[in-house]
Amino acid sequence: MTETRLRFPPSPTGYLHIGGARTALYNWLYAKKTGGKLILRIEDTDTERSTEESIRGILEGLEWLGITYDEGPYFQTDFTADHVAAAERLLEQGLAYRCFCSKDELDAKREAALTAKQNLGYDRTCRHLTPEQVAGKMAAGLPSVVRFKVPDRQGMLGYDDKVLGRIECDYREVDDFVILRSNGKPLYLLCNVVDDIRDRITHIIRGQDHMTNTTRQVLLYEALQAPLPVFAHIPLTLDTKKSKISKRSHGEIVAVHFYRDHGFIPWAFNNFLVLLGWSPGNDQEIFSKEELIEAFTLERINRSSAIFNFRRDDPKFFTDPKAIAINEHYLRTMAIDELAPMVQKELEAAGLWDDSYAGGRRDWFLHTIDLIRDRFHTLKDFTSLGRAYFADDFTVEDKPLQKNVLKFPELTNWLPALADRYAQLAVFDAIETERVSREMAEELDIKPGVLINAMRTVVTGQLAGPSMFEILPVIGRDRVLARIRDIARFFPAS
RNA sequence: GUCCCCAUCGUCUAGUCAGGUCCAGGACACCGGCCUUUCACGCCGGCAACACCGGUUCAAAUCCGGUUGGGGACGCCA
């Protein structure tokens with residue numbers, strides 16, 4: 001039994017987007033499941049478009065997701081000699097040929113075919129040049145590319161796909177594709193196969209947009225006399241208008257770093273991504289890493305494409321609602337000491353972190369984030385909606401201010417009076433603060449909610465939150481008293 | 001234009017390979033109710049889909065054919 005070897009080969013022409021991330025995830029899962037290896041290969045043969053920054057972005061994206069690789073990153077350009085050697089070998093064996101058609105000619109033909117609604121493929125003009133003709137053109141210094149010579153065969157060319165089943169097409173449908181540019185540089189179709197052979201890749205999991213590439217690459221494996229790996233073409237992720245997701249047309253919303261920067265929990269995002277095109281066959285949707293590796297199979301990958309249901313400019317659903325829901329689930333159910341470091345990062349970035357939260361006040365810190373996480377949606381909420389727990393310069397939202405404070409001008413007397421009673425308390429805990437609040441409400445003959453909601457507003461700045469009496473001890477007596485005594489500042493001076 | 005792939009609630013999907021247990025199950029979203037000091041917390045309930053037409057069969061979401069629709073590919077990009 002040979003080891004399974006998978007690869008993730010991004011081209012560094014932009015950031016890592018969710019389609020690529022999902023492909024990486026599927027490869028990673030399968031490698032883990034089979035006890036195999038995942039190889040990262042940067043396919044940078046398009047030197048025009050490849051950038052250093054993009055490579056960094058891809059690496060960071062994978063690291064954030066927790067998708068680890070066992071080998072690499074390899075760089076495709078480091079193996080140019082291999083690629084060229086393979087092309088030359090094919091040329092010598094008569095499995096490829098030189099083509100002298102100029103780019104302009106080809107473009108013109110393609111253009112003409114397109115407008116005439118004719119077939120687009122290469123017309124094989126140079127396929128039957130005699131060795132003398134080739135030599136002559138070479139001697140004349142004419143530039144040429146090397147094309148693969150698609151065999152003239154009857155019957156169908158095909159392969160068995162792990163998710164799609166048997167894929168076939170007629171040999172005549174396949175163009176003589178270019179494997180070497182006129183500048184001598186090899187092209188994707190060839191490089192990719194040569195590298196996969198060298199890296200002993202056993203399984204290729206990639207998007208369905210590669211299906212026609214696979215058909216042609218099957219020919220290359222044969223010509224290079226290498227065994228065919230297992231192919232699994234996973235469905236594409238489409239946008240809400242059903243077109244392929246791309247960096248160019250969708251921007252940040254499809255970038256992995258967008259989710260990192262919007263407070264997603266990495267594993268929660270993986271959990272969301274895996275469900276976009278795969279399901280375990282039962283009702284389970286939340287998986288630990290171990291559970292997912294165990295449950296994942298190629299056979300259960302969907303055949304039809306999935307829509308990434310993102311929204312834009314919606315304060316509540318700024319991306320696919322299901323992604324947010326899964327993130328919320330993890331946010332409120334994960335072990336608090338696993339969550340703590342993530343919250344710490346957020347607080348640090350917002351300048352709200354205090355080292356004592358990791359020392360003497362660690363219990364307070366853990367208890368606090370445990371208390372407030374139930375109503376949060378992303379890690380960002382700890383520093384926005386939850387700012388009042390960590391700082392005094394929080395914003396009091398207008399809605400609760402109108403509804404819970406400004407409607408009751410007498411609160412300017414009531415709350416400071418309540419503060420005085422709180423100051424007298426022997427213990428400042430949930431039971432005592434509640435008792436005193438209710439007592440006072442009864443004396444004043446008002447609903448307890450008036451005092452409680454007013455407190456919620458001036459103490460947390462928010463309309464909603466955990467039980468107010470759980471909150472008070474967490475914020476601490478001193479800060480609570482200061483905040484409720486200062487209620488008059490919300491009323492216009494009279 | 002050619003080739004390839006796909007087709008179940010708004011979205012992600014289960015069910016299709018081994019036809020009956022499916023007047024189609026779950027999740028998210030939405031709507032309603034409950035809880036309550038509040039809430040985009042929690043709990044309960046509801047709405048909502050087999051693209052269409054034929055065929056096979058006692059029986060079809062499931063098998064076959066066609067239609068329509070969608071997607072992908074057709075580069076000296078990857």
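Below, chain A is the first sequence line, B the second, and so on; all start at residue 1.
A:Q462 comes within 4.0 angstrom of nothing in the nucleic acid, heavy atoms only. Nucleic acid contact class of A:K103 (heavy atoms, under 4.0 Å, all strands): base. Using a 4.0 Å heavy-atom criterion, one finds that A:F317 contacts the sugar-phosphate atoms exclusively. Using a 4.0 Å heavy-atom cutoff across all strands shown, A:H233 reaches no nucleic acid atom at all. Base engagement by A:R49 is indicated by at least one non-hydrogen atom pair under 4.0 Å involving a base atom. Within the 4.0 angstrom heavy-atom criterion, only backbone atoms of the sugar-phosphate kind lie near A:R300; the bases stay farther away. Residue contacts shown for A:M468 include a base, since a base heavy atom lies under 4.0 Å away. At the heavy-atom level, A:L187 lies under 4.0 Å from the strands shown only through sugar-phosphate atoms. Residue-level contact check: A:V178 touches the backbone only, with heavy atoms under 4.0 Å from sugar-phosphate atoms and none from bases. Within 4.0 Å (heavy atoms only), A:E285 reaches at least one base atom of the nucleic acid. If you check every strand for non-hydrogen atoms under 4.0 Å, A:P448 touches nothing. Among the protein residues, A:G277 comes within range of the sugar-phosphate backbone only, with heavy atoms under 4.0 Å from sugar or phosphate atoms but none that close to a base. A:T45 comes within contact range of the sugar-phosphate backbone alone, with a heavy-atom separation under 4.0 Å but no base atom that close. Within 4.0 Å (heavy atoms only), A:G281 reaches sugar-phosphate atoms of the nucleic acid but no base atom.
If you take atom C1' in B:A49 and the same atom in B:A61, they sit 10 Å apart, rounded to whole Å. Going from the C1' atom of B:G20 to that of B:G66 covers 27 Å, rounded to whole Å. Taking atom C1' in both B:A24 and B:G71, the straight-line distance is 26 Å, to the nearest Å. On the C1' atoms, B:C43 is 22 Å away from B:A48, given to the nearest whole Å. Rounded to a whole angstrom, the distance from the C1' atom of B:A14 to that of B:C58 is 28 Å. With both ends at atom C1', the span from B:A59 to B:C23 equals 15 Å, rounded to whole Å. Comparing the P positions of B:A40 and B:C35 gives an interatomic distance of 16 Å, to the nearest angstrom. Atom name P, nucleotides B:U13 and B:G55: the rounded distance is 33 Å, in whole Å.
Inspection of the A:R206 and A:T214 side chains reveals an N or O donor paired with an N or O acceptor under 3.5 Å.
In this model, the phosphate group of B:A78 is not approached by any side-chain N or O of A:R216 to a distance below 4.0 Å at OP1 or OP2. Close to B:A14, at under 4.0 Å from its OP1 or OP2, lies a side-chain N or O of A:N302. Proximity of A:S305 to the phosphate of B:G71: no side-chain N or O atom is located under 4.0 Å from OP1 or OP2. The side chain of A:R303 places no N or O atom within less than 4.0 Å of a non-bridging phosphate oxygen (OP1 or OP2) of B:G70. The side chain of A:K244 contributes an N or O atom lying less than 4.0 Å from OP1 or OP2 of B:A73. Look at A:S279 and you'll find a side-chain N or O under 4.0 angstrom from OP1 or OP2 of B:A14. Between A:K316 and the phosphate of B:C30, there is a side-chain N or O to OP1/OP2 separation shorter than 4.0 Å. Within the structure, every side-chain polar atom (N or O) of A:R456 is placed at least 4.0 Å from both OP1 and OP2 of B:C39. The phosphate of B:G42 (OP1 or OP2) has no side-chain N or O of A:R375 nearer than 4.0 angstrom. Distances shown here put every side-chain N or O of A:R206 at or beyond 4.0 Å from the OP1 or OP2 atom of B:A78.
Shown here, B:A27 forms a base pair with B:U11; the pair counts as Watson-Crick or G-U wobble because both key distances fall under 3.5 Å. With a 3.5 Å ceiling on both atom-pair distances, B:U57 lacks any Watson-Crick or G-U wobble partner. As the counterpart of B:G1, B:C74 is assigned, both hydrogen-bonding distances of the Watson-Crick or G-U wobble pattern falling under 3.5 Å. Across the strands present, B:A51 finds its partner in B:U67; the criterion is a Watson-Crick or G-U wobble pair with both atom distances under 3.5 angstrom.
Remark: aromatic rings of A:F296 and A:W278 are close, center separation under 6.0 Å. Taking the six-membered ring for Trp and the full ring otherwise, the centers of A:H17 and A:F258 sit at least 6.0 Å from each other.
Residues that satisfy the salt bridge (Lys or Arg N to Asp or Glu O under 4.0 Å) test with A:R435, not counting sequence neighbours, are A:E432, A:E439.
In this structure, A:K162 places its NZ atom where only 12 or fewer heavy-atom neighbours from other residues, nucleotides or ligands lie under 6.0 Å away. With a 6.0 Å radius and a threshold of 12 heavy atoms from other residues, nucleotides or ligands, A:E111 has its CD atom at or below the threshold.
Taking the six-membered ring for Trp and thresholds of 30 and 60 degrees, A:H250 and A:F310 have ring planes more than 60 degrees apart, a perpendicular arrangement. The aromatic rings of A:F231 and A:H233 sit parallel to each other, their planes meeting at less than 30°, with 60° as the upper class boundary. Note on ring orientation: taking the six-membered ring where Trp is involved, the planes of A:Y259 and A:F269 are parallel (angle under 30°, cut-offs 30° and 60°).
Each of B:C39, B:U37, B:A29 was ranked by its minimum atom distance to the side chain of A:K403; first place goes to B:C39. For A:E43, counting side-chain heavy atoms from C-beta on, the closest listed nucleotide (B:G25, B:A78, B:A29) is B:A78. When distances are taken from the side chain of A:C169 to each of B:C28, B:C4, B:G70, the shortest belongs to B:C4.
Here B:A73 presents its P atom at 15 Å from CG of A:L114, a figure rounded to the nearest Å. Atom-to-atom, CD of A:E173 to P of B:C3 comes out at 6 Å; the value is rounded to the nearest Å. The CZ-C1' distance, from A:R110 to B:C74, rounds to 9 Å in whole Å. Distance CD1 (A:I324) to P (B:C41): 13 Å, rounded to an integer number of Å. Nucleotide B:C5 holds its C1' atom 15 Å from the CD1 atom of A:I301, rounded to whole Å. In this structure, CD of A:E168 is placed 10 Å from P of B:C4, rounded to the nearest angstrom. For the pair A:N327 CG and B:A29 P, the interatomic distance rounds to 13 Å; values are reported in whole Å. Rounded to an integer number of Å, the gap from CG of A:N282 to C1' of B:A27 is 12 Å.
Scanning atom types as modelled, one donor and one acceptor separated by under 3.5 angstrom connect the side chain of A:S182 and the base of B:C76. Taking 3.5 Å as the limit, the base of B:G26 and the side chain of A:Q284 contain no donor-acceptor pair of atoms between them. No donor-acceptor contact under 3.5 Å links the side chain of A:T240 to the base of B:U11. Between the side chain of A:N213 and the base of B:A78 there is at least one donor-acceptor pair of N/O atoms closer than 3.5 Å.
Comparing A:L463 and A:L275 against RNA chain B, the residue whose closest nucleotide sits nearer the 5' end is A:L275. Toward the 5' end of RNA chain B, the nearer of the two residues A:A306 and A:E470, judged by each one's closest nucleotide, is A:A306.
In this structure, A:R216 is positioned above the aromatic face of A:F177, its NZ or CZ under 6.0 Å from the six-membered ring centre and within 45° of the axis.
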